[in-house]
Amino acid sequence: MDTVTHALIGLTLGEMAPKDIKHRHVIGLSFGMLPDITNVILVHPYLGWIAGRTIPFAGGSDFIEFPEILNHWTYHIWLLSHSLLFWAIIFIPLWKRSRGMKLATIAYASHILADIPSHTGAYGLEPFYPIPYIFDGWFDAWLWGPGPIAVSIISTGLVYLVVRKLRLHFLWPSELQSETTL
Ligand SMILES: [Zn+2]
């Protein structure tokens, strides 16, 4: 799944969260994107470099042409950042800290859950990494061209707008209280 779609899913979760959580949209959006930081700073530059690209940043086809990336440490860091086991170890202890942390925990999980079905075969996610079990997903969103990516971004953006509208009517108990005291 592309990073913008992930960001919009996170933004939608931020919109759904109680309004008194400070910076809820920023938290949702940034933690929704966060797992892919390993892709942007490690996997794509390294793979772009071994693929001999002028600008060292790999495209989707480079992953197919250079399957040795699957055994490289940069790819393994990416697998780690997309592991539900890693997520549980890092975020579950922080869950009780604040409601902002709860939102961050859910937004990060949304990223992994969206990527699990959208990577297939050897390029599938390892949901319990470092336990070597590859989940064979249903489709390869990461190989999509600009057209399907645009469809994905626009449809997720529309979902966000619908949720924004619905939030005028669906309120959390804390929001009801602040309305009555106003
Ligand atoms: Zn990802």
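Ligands are counted one by one from 1 in listed order, and the atoms in each one are counted from 1 as well. Along the sequence shown, the residues carry numbers beginning at 1.
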Handout entry: For the Zn ion (ligand 1), the closest N/O/S atom belonging to Asp115
Key =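 Of all N, O or S atoms in Asp115, the Zn ion (ligand 1) lies closest to OD2.
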Practice task
Going by the side-chain hydrogen bond (donor to acceptor under 3.5 Å, both in side chains) test, name the single residue among Asn39, Thr38, Asp36 that passes it with His82.
Solution key: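 It is Asp36; the other options fail the test.
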Exercise for the section: Answer yes or no as to whether an N/O/S atom of His82 is found below 2.8 Å from the Zn ion (ligand 1). Expected result: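 For His82, the answer is yes, given that an N, O or S atom comes within less than 2.8 Å of the Zn ion (ligand 1).
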Practice task
Check all N, O or S atoms of Asp36 and name the one closest to the Zn ion (ligand 1).
Solution key: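 In Asp36, the heteroatom (N, O or S) nearest the Zn ion (ligand 1) is OD1.
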Handout entry: Within 6.0 angstrom of Trp49 CH2, more than 12 heavy atoms from elsewhere
Key =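 Atom CH2 in Trp49 is not packed in, count stays at 12 or less.
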Problem - Name, closest N/O/S atom of His111 to the Zn ion (ligand 1) - result: NE2
Exercise for the section: Please say whether more than 12 non-hydrogen atoms of neighbouring residues, nucleotides or ligands are located less than 6.0 Å from CE in Met101. Expected result: yes
Exercise for the section: Classify the ring geometry between Trp142 and His119 as parallel (under 30°), tilted (30 to 60°) or perpendicular (over 60°). Expected result: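 Geometry flag for His119 against Trp142: parallel rings.
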